[in-house]
**Student:** 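Below are the structure tokens for one structure; questions will follow.
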Number of protein chains: 2
Amino acid sequence: MKIDKSLVRSIPLFDRMSDADLDKFLGHAVSRRVPAGEAVFEQGAAATHFFLLLHGRLKVTQVTEDGQQIIVRVVHPGDLFGFAKALQRSDYPGTALAVSESIALRWPTELWPQFVDRNPRLAVTAMQTIGQRLEEAHTRIREMSTQEVERRVAHAVLRLANQAGRKEGSGVRIDFPISRQDIAEMTGTTLHTVSRILSAWEGKGLVEGGRQKLIVLDINGLAALADHVKE
Amino acid sequence: MKIDKSLVRSIPLFDRMSDADLDKFLGHAVSRRVPAGEAVFEQGAAATHFFLLLHGRLKVTQVTEDGQQIIVRVVHPGDLFGFAKALQRSDYPGTALAVSESIALRWPTELWPQFVDRNPRLAVTAMQTIGQRLEEAHTRIREMSTQEVERRVAHAVLRLANQAGRKEGSGVRIDFPISRQDIAEMTGTTLHTVSRILSAWEGKGLVEGGRQKLIVLDINGLAALADHVKE
DNA sequence: AGTCATCTTTGACATAGCGCAAACATCGGC
DNA sequence: GCCGATGTTTGCGCTATGTCAAAGATGACT
């Protein structure tokens, strides 16, 4: 599939790469269209490629031995993902599932070292990316350790609105299909509890819900809920 | 303070470095003795150095806005720590506190790039280290999302026994002073609950407790508790 | 337009584990 | 050898949240 170069250029990681380098980089890439509901790679599979999301939205999930699922993170356009090999893993630690129709570029993991070599900025970006993820993970741990469910959900929704929000009417809509179950798996609770919480918020005019839909009407109100130490 | 070179050699990261390179590396290092209870660096402080723990034990903690503390991880001898700058942060995200008398080497963060340059293995090790930490963080998130407190504590204790266990009599002793409060902060619960759980375990002969002391008597029994899906 | 699968809401109920409080144990210092 | 500081144990009540159950909504497909 032909690669939309201007799309790639719009990604910070590549905006200042020389045209020659970019061509070399993209020369090895394979573009793939992933329909909603399909996996880019599966947990436990051999890490043969690393990826860059150009368009769409993925969720990375892990399943525990006893069958419970959690959402590790959401992949947004411009994000590198699946570079387990760079971290010295031989298999993917999670499953990457398209939640809406997506387009991803793919490179064989063997190329990673030479890309990094040729383009130091990539190494820095990768380090940075992982650093951020580590920080996010710690934030999540901190929240799960110290906050009640409602605040955690508030934080999660705010984060989503930030990363995947699109203005719609008087509010900000989460720009991909997301279920209560998904939110539950991101915050470590059950869909029932999430449903109750969202219903309550809807009653207070903070959000507007719907099937696989979520619109934040009052960002500040939500932020207050998320930050406010209850008294 | 003079650096014990054989101690450094015993760390996997350095065991195969050439003598010349090692000398160059250590030439820039400053060794510091940290008494128990003292901090190597504090959360929020400018990240001026990165470190290597030679001896002792540290806990890295974070404090939330509302004053609650969590233990992010325990640093063992041979671990690199505090390389926030490599991850493009300007300050330390947590506080590193010695829980027993420790010795740490210290380098200015500016040297990081050139060390990595001269010694590619360091870069790989660092990447690997961060990858592991990320994985650990996800494991913890998974546990906190899906398991009850008792299983989480069991996992935490097993991990400690693995990383810091020393045979003692018929059991394995956690080889540094650790309180119920600490365990609580590692597992996202309260010291009360931890105390109850440990008391129960002691009743079953799984562990032996004490002031800032913990000895695992029955690793398998504990592992069963940690893994066994309750029915 | 009807059917089915999926997602959401809501209720009733059970309980794990937290908060509070007080007694108790252990250790290091004087 | 006593004292104060620090850590641990235990009881009790409460409530946030999970579990179980069932009834709506919503949208996709035929």
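Below, chains carry the letters A, B, ... as their sequence lines are ordered, and counting in each starts from 1. Note that these values count all heavy atoms, side chains included, but never hydrogens, waters or copies made by symmetry.
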**Student:** Side chains of Q181(A) and E185(A): do they bring a donor and an acceptor to under 3.5 Å?
**Tutor:**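 Checked: Q181(A)/E185(A) side chains pair up, N/O donor to acceptor below 3.5 Å.
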**Student:** If we only count heavy atoms from C-beta on, is the I71(A) to D182(A) side-chain gap below 4.5 Å?
**Tutor:**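 Touching, per the 4.5 Å side-chain cut-off.
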**Student:** Just the dot-bracket of DNA chain C, please: which string comes out with Watson-Crick or G-U pairs under 3.5 Å, [ ] for crossing, | for another strand?
**Tutor:** ||||||||||||||||||||||||||||||
**Student:** To the closest 0.5 Å, what do you measure between CG (L87(B)) and CG (L134(A))?
**Tutor:**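 Between atom CG of L87(B) and atom CG of L134(A) there are 7.0 Å.
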**Student:** Starting from the C-alpha separation in whole Å, work towards a yes-or-no answer on salt bridge (charged side-chain N to carboxylate O under 4.0 Å, His left out) for E208(A) and R173(A).
**Tutor:** CA-CA 9 Å; E208(A) 189 191 322; R173(A) 176 177 182 144; over 6 Å; no
**Student:** In whole angstrom, give the distance that lies between atom CG of L198(A) and atom C1' of dT9(C).
**Tutor:**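 Nearest whole value for this atom pair: 11 Å.
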**Student:** Kindly assign one of parallel, tilted or perpendicular to the pair F51(A) and Y92(A), based on the angle between their ring planes and the thresholds 30° and 60°.
**Tutor:**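 The arrangement is tilted - the two ring planes meet at 30° to 60°.
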**Student:** Are E143(A) and R151(A) ion-paired here, with the side-chain N under 4.0 Å from a carboxylate O?
**Tutor:**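 Between R151(A) and E143(A) there is no salt bridge, as every charged N stays at least 4.0 Å from the carboxylate O atoms.
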**Student:** Tell me, which of residues 205-214 of chain B have any heavy atom that sits under 4.0 Å from an atom in DNA chain D?
**Tutor:**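 Heavy-atom contacts with DNA chain D come from G210(B), R211(B), Q212(B).
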**Student:** Under a 4.0 Å threshold between the charged nitrogen and the carboxylate oxygen, would R32(B) count as salt-bridged to E38(B)?
**Tutor:**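 Between R32(B) and E38(B) there is a salt bridge, with a charged N closer than 4.0 Å to a carboxylate O.
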**Student:** Hey, is the side chain of R180(B) poking within less than 4.0 Å of OP1 or OP2 on dT8(D), counting only N and O atoms?
**Tutor:**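 For R180(B), the contact criterion (side-chain N or O under 4.0 Å from OP1 or OP2 of dT8(D)) is met.
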**Student:** Check the pair M186(A) / L160(A) against side chain to side chain contact (heavy atoms under 4.5 Å, CB included), numbers first and verdict last.
**Tutor:** CA-CA 11 Å; M186(A) 296 190 322; L160(A) 287 172; 3.5 Å; yes
**Student:** Please state how far atom CD1 in I178(B) lies from atom C1' in dT26(C), giving the value in whole angstrom units.
**Tutor:**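 One finds 18 Å between C1' of dT26(C) and CD1 of I178(B), rounded.
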**Student:** Taking NZ, NE, NH1 and NH2 as the nitrogens, is one of them in D91(A) or R89(A) under 4.0 Å from a carboxylate oxygen of the other?
**Tutor:**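 R89(A) and D91(A): salt-bridged.
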**Student:** Between protein and nucleic acid, restricted to nucleotides 10-20 of chain C and to nitrogen or oxygen atoms under 3.5 Å apart, what atom pairs and distances do you find?
**Tutor:**
{"unit_1": "dT10(C)", "atom_1": "OP2", "unit_2": "S199(A)", "atom_2": "OG", "d": "3.0"}
{"unit_1": "dT10(C)", "atom_1": "O4", "unit_2": "H192(A)", "atom_2": "ND1", "d": "3.1"}
{"unit_1": "dG11(C)", "atom_1": "N7", "unit_2": "R196(A)", "atom_2": "NH1", "d": "3.1"}
{"unit_1": "dG11(C)", "atom_1": "O6", "unit_2": "R196(A)", "atom_2": "NH2", "d": "3.2"}
{"unit_1": "dG17(C)", "atom_1": "OP1", "unit_2": "V149(B)", "atom_2": "N", "d": "2.8"}
{"unit_1": "dC18(C)", "atom_1": "OP1", "unit_2": "T189(B)", "atom_2": "OG1", "d": "3.4"}
{"unit_1": "dC18(C)", "atom_1": "OP2", "unit_2": "T189(B)", "atom_2": "OG1", "d": "2.4"}
{"unit_1": "dC18(C)", "atom_1": "OP2", "unit_2": "T190(B)", "atom_2": "N", "d": "3.4"}
{"unit_1": "dC18(C)", "atom_1": "OP2", "unit_2": "T190(B)", "atom_2": "OG1", "d": "3.2"}
{"unit_1": "dC18(C)", "atom_1": "OP2", "unit_2": "T193(B)", "atom_2": "OG1", "d": "2.7"}
{"unit_1": "dG19(C)", "atom_1": "O6", "unit_2": "R196(B)", "atom_2": "NH2", "d": "3.2"}
{"unit_1": "dC20(C)", "atom_1": "N4", "unit_2": "H192(B)", "atom_2": "ND1", "d": "3.4"}

**Student:** May I have the step-by-step check of side chain to side chain contact (heavy atoms under 4.5 Å, CB included) for V40(A) and L53(A), ending in yes or no?
**Tutor:** CA-CA 10 Å; V40(A) 178; L53(A) 187 64; over 6 Å; no
**Student:** To the nearest angstrom, how far is E202(B) atom CD from dT9(D) atom P?
**Tutor:**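 Spelled out: CD on E202(B) to P on dT9(D) is 7 Å.
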